[in-house]
Number of protein chains: 2
Amino acid sequence: MLQLTKRTEYGLIALVHMVDRPGVFVSAREICDTYKVPRRLLAEVLKTLSKAGLLASHRGATGGYMLVREPELTSVAQAVSALEGNPASSSCSPSPVDDSNSLFPILDSGSGCDMSPTCPIKTPIQRLRDGIWSLLQQTSLRDLAAPTAAAVNANPLGELLQSAQTLTY
Amino acid sequence: MLQLTKRTEYGLIALVHMVDRPGVFVSAREICDTYKVPRRLLAEVLKTLSKAGLLASHRGATGGYMLVREPELTSVAQAVSALEGNPASSSCSPSPVDDSNSLFPILDSGSGCDMSPTCPIKTPIQRLRDGIWSLLQQTSLRDLAAPTAAAVNANPLGELLQSAQTLTY
DNA sequence: CCAAATAGCACTGATTTGGTGCGCAATCAT
DNA sequence: ATGATTGCGCACCAAATCAGTGCTATTTGG
Ligand code: SF4
Ligand code: SF4
């Protein structure tokens, strides 16, 4: 129900872990020894992340994975997009927000819904999706990795979202 | 992949439709005659929405459903929450954001994950989820129904999110 | 009474998701 | 060289979720 998949979570954990190991290749073993993650599944996730261009891989005894870009240059959106396709809050048209940093093609099935022309919520729902997408885009790996976790607060939207959340609504 | 279910979409369409029919009971038939929605399924959705306290129902020949509150007093979050459980971007602890307007209990399974203590992304991921949740909360049925659709732009977060979205990232 | 509408319950089929098995290929330490 | 370690490719399974349906009972207006 509107939640990230386990695969994505594992991927994010791995990515965050690598933020603390800059410049070195870290193996899947190390990661799933640190956290309780099914080794085999994590391998699959890392593979995907690698093919998406977020990670560099190196085989062999001292092999592993390494962040390609600086932690602040990779967004959660890129990870999510790689692991579960471009986020959409509906089956509607492909995201107008083209993440130019992503190396993978947009694999949205176009406007899959058969009532696109008459749908009264199409446009507003897309705007909503773009809002979510924007949030994910604005959160970098650095934000996620922050120990004391300024996280979302680090970007201009953070405080607003936090305060908005406290509204009685 | 991080998207609303069909049920939720149908529910939102129905709700928006009722915004234009204030004060009268509108039948499921009318709605699924207007839009291409499986009648039987829509009925199920409306039932749920009704039990959640968002709609008032009336049986019999001239029966149907009607919005309980004003359109600006019902949020998309409430609809989503009723139709697919409280939004969460992870299997983590129940949402700290208690929507006091909701009449249904929070049915989160608590902290389902078995690595909650050691998980490095738990806190930031929750903050992310709260951001999304906040977005949904801030969008009212009125926003959704707006013909020219100011929608998300109508609330203080809208413009920021919109502009943020145009950043090269 | 009859037609129209919600309420309740159970159920099927398709899709997604979490997770695994296994052999192959590359690489490094010894 | 050789074996241990690591990633790669591909196929596969089981559980959960989701879209959608059937049928019957109950309420209500005409
Ligand atoms: S057109 Fe409407 S019902 Fe169809 S996918 Fe888009 S928002 Fe959903
Ligand atoms: S503790 Fe970490 S891995 Fe577990 S559900 Fe929460 S965010 Fe996901």
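Naming convention: chains lettered A, B, ... in sequence-line order (proteins, then strands); numbering from 1 in each chain. Only a predicted model underlies this, so the values are computations on that prediction, with no experimental measurement involved.
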To the nearest 0.5 Å, how far apart are CD in B:Q126 and CG in B:L128? 11.0 Å
Measure the distance from CG on B:L41 to C1' on C:dA14 and round it to the nearest whole Å. 14 Å
Could you state the atom-to-atom distance from NE2 of A:H58 to C1' of C:dC28 in whole Å? 8 Å
Where do A:G11 and A:V45 come nearest, in terms of heavy atoms and distance? CA-CG1, 3.5 Å
Rounded interatomic separation in angstrom, taking CD from A:E9 and P from C:dG19: 10 Å
Do you know which two heavy atoms are closest between B:C32 and B:V37, and how far apart they sit? CB-O, 3.2 Å
Nearest whole Å is fine: how far is D:dC8 C1' from A:L46 CG? 12 Å
Closest listed nucleotide, where the reference is the side chain of B:T62 and the choices are D:dG30, C:dT20, C:dG19: D:dG30
Non-hydrogen atoms of B:A82 and B:L49 that approach each other most closely: CB-CD1, 4.1 Å
Under the side-chain contact (heavy atoms from CB on, under 4.5 Å) test against A:S140, which residue among A:R142, A:Q138, A:Q137 passes? A:R142
Measure the CD1-CG distance between B:I125 and A:L144 for me, rounded to the nearest 0.5 Å. 5.5 Å
Presence of donor-acceptor pair under 3.5 Å, side chain of A:K6 and base of C:dG19: no
In whole angstroms, the gap separating C1' of D:dC12 from CD of A:E44 amounts to 12 Å
Cluster companions of A:M66 among Ile, Leu, Val, Met, Phe, Trp, Tyr (side-chain spacing under 4.5 Å): A:F25
Among D:dC10, D:dG20, D:dA19, the one nearest B:T5 by side-chain distance: D:dA19
Side chain of A:S57 only, please: which of D:dT28, D:dC8, D:dT21 is the nearest? D:dC8
Pull out every protein N or O sitting under 3.5 Å from an N or O of nucleotides 23-25 of chain D, one pair per line with the distance.
from, atom 1, to, atom 2, distance (Å)
D:dC23, N4, B:R40, NE, 3.2
D:dC23, N4, B:R40, NH2, 3.3

Please report, rounded to the nearest Å, how far the P atom of D:dA19 is from the CD atom of B:Q3. 9 Å
Quick check: on DNA chain C, is the nucleotide nearest B:G60 upstream (toward 5') of the one nearest A:Y10, or the reverse? Name the residue that is more 5'. B:G60
d(NZ, A:K51; C1', D:dG7) in whole Å: 12 Å
OP1, OP2 of C:dA5 versus side-chain N and O of B:Y65: anything below 4.0 Å? no
Picking from D:dC18, D:dT28, C:dG8, which would you name as closest to the side chain of B:R7? D:dC18
DNA chain D contacts among residues 19-39 of chain B, heavy-atom distance under 4.0 Å: B:P38
Heavy-atom pair with the smallest gap, counting every atom of A:L2 and B:L136: CD2-CD1, 3.6 Å
Separation of atom CG in B:L4 from atom P in D:dC18, rounded to whole Å: 11 Å
Is there a side chain to side chain contact (heavy atoms under 4.5 Å, CB included) between B:D143 and B:E72? Walk through the geometry before answering. CA-CA 8 Å; B:D143 294 330; B:E72 37 279 309; over 6 Å; no
What closest approach, in Å, do A:G53 and A:V68 show between heavy atoms, and which atom pair accounts for it? O-CG2, 3.9 Å
